[in-house]
Amino acid sequence: MANQNEKELAGRAAAELVVAGNVVGLGTGSTAYFAVVALGERVKSGLKIIGIPTSDATAELARAVGIPLSTLDEHPEIDITIDGADEVDSQLRLIKGGGGALLREKIIAAASKKMVVVADSSKVVATLGKFPLPVEIIPFAEAVLEKKITALGASCKLRTRTDGTAFVTDEGHHILDCSFGKIADPPALARSLNDMPGVVEHGLFIGIAKVALVGKGSAVAEIRPKSIRKPVRAKRARTRPAKQKRKKSGKRR
């Protein structure tokens, strides 16, 4: 129950960041749900926005609460996206995809001027990796990719539905849930997965989120990525070559 309250606090706080005229990316998941509901309430009160949903489920929810929807074809540039995360660290690196919408979520987040992450306090971690990393794949390549990802140190499991059949994403793909344990170098792992033919997308979101709003008890905490300062190189003093003294000659010119 505490987590539900924190999720609602974070979702509602993020919804207040939206202003009239915004094109809004609408996330998928249990925390993004509260942001969509809160935006629906603001729309009913007169707020004019356009929503771009990250999943069929979110589109259905948005229509139910009265948010006008459009597509990336009509609005390829998004003002703000509000979405949840399965894990978030202090540098705002995320694991996403627990809800199975990671491909559309990353496309919409990358097309946004600002991505706002909403989460409850249990999602904040020191190191990514406790939550299995979702990797969206082409079914044809499943066996090959499972072997390759296992070689990187993961334990892979095909995501299935309650009836035992393979979970199929909105784009018609499968998902491998890959347990790595602590991910020491998320950017390096992301590059390795990106290089595998047959991997459509993975749930590592790096350098995309601008801020995270985290429900913590009865308040909302804000996480922003720590700025990394480049070391300033000391300027070398220029040494001028010594002037050569002219040799005196007895002849006058």
Option among V211, T81, D83 that satisfies the side-chain contact (heavy atoms from CB on, under 4.5 Å) test with V116: V211
Between [X] and [Y], is any pair of side-chain heavy atoms under 4.5 Å apart?
X	Y	result
I67	V36	yes
T150	E146	yes
V200	T169	no
L145	P197	no
L133	I149	no
L26	I82	no
V125	K130	no
E142	I137	yes

Closest approach of [X] to [Y] (non-hydrogen atoms, all atoms of both residues):
X	Y	answer
G217	E6	N-OE2, 2.9 Å
A141	G198	CB-CA, 4.2 Å
I49	V19	CG2-O, 3.9 Å
A109	M115	CB-SD, 3.8 Å
F167	H174	O-CD2, 3.6 Å
L69	I50	C-CG2, 4.4 Å

Is it the case that the side chain of [X] and the backbone of [Y] share a donor-acceptor pair, with hydrogens and angles ignored and the cut-off at 3.5 Å?
X	Y	value
E136	H202	no
D163	T165	yes
E87	G129	yes
E201	L102	no
R93	L128	no
D195	S192	no
D86	G97	yes
K210	K113	no
D170	S55	no

Same cluster for [X] and [Y] if Ile/Leu/Val/Met/Phe/Trp/Tyr side chains link at under 4.5 Å?
X	Y	result
L94	Y33	no
L152	I183	yes
V117	V124	yes
L72	I80	no
I138	L103	yes

Distance (rounded to the nearest 0.5 Å) between [X] [atom1] and [Y] [atom2]:
X	Y	atom1	atom2	value
E105	K96	CD	NZ	3.5 Å
K7	S122	NZ	OG	7.0 Å
I175	T160	CD1	OG1	11.5 Å
D120	L213	CG	CG	13.0 Å
I208	I206	CD1	CD1	8.5 Å
L92	F205	CG	CZ	13.0 Å

Quick one: do [X] and [Y] make a salt bridge, cutoff under 4.0 Å?
X	Y	result
R104	E171	yes
R12	E41	yes
R159	D177	yes

CD/E222: more than 12 non-hydrogen atoms of other groups inside 6.0 Å: yes
Atom CZ of F180: over 12 foreign heavy atoms under 6.0 Å: yes
Stepwise side-chain contact (heavy atoms from CB on, under 4.5 Å) check, V199 with V135: CA-CA 7 Å; V199 168; V135 180; 3.9 Å; yes
Pair T58, T28: side-chain N/O donor-acceptor within cut-off below 3.5 Å: yes
All pairs passing side chain to side chain donor-acceptor pair (under 3.5 Å) where residues 63-76 contributes a residue, at least two apart: none
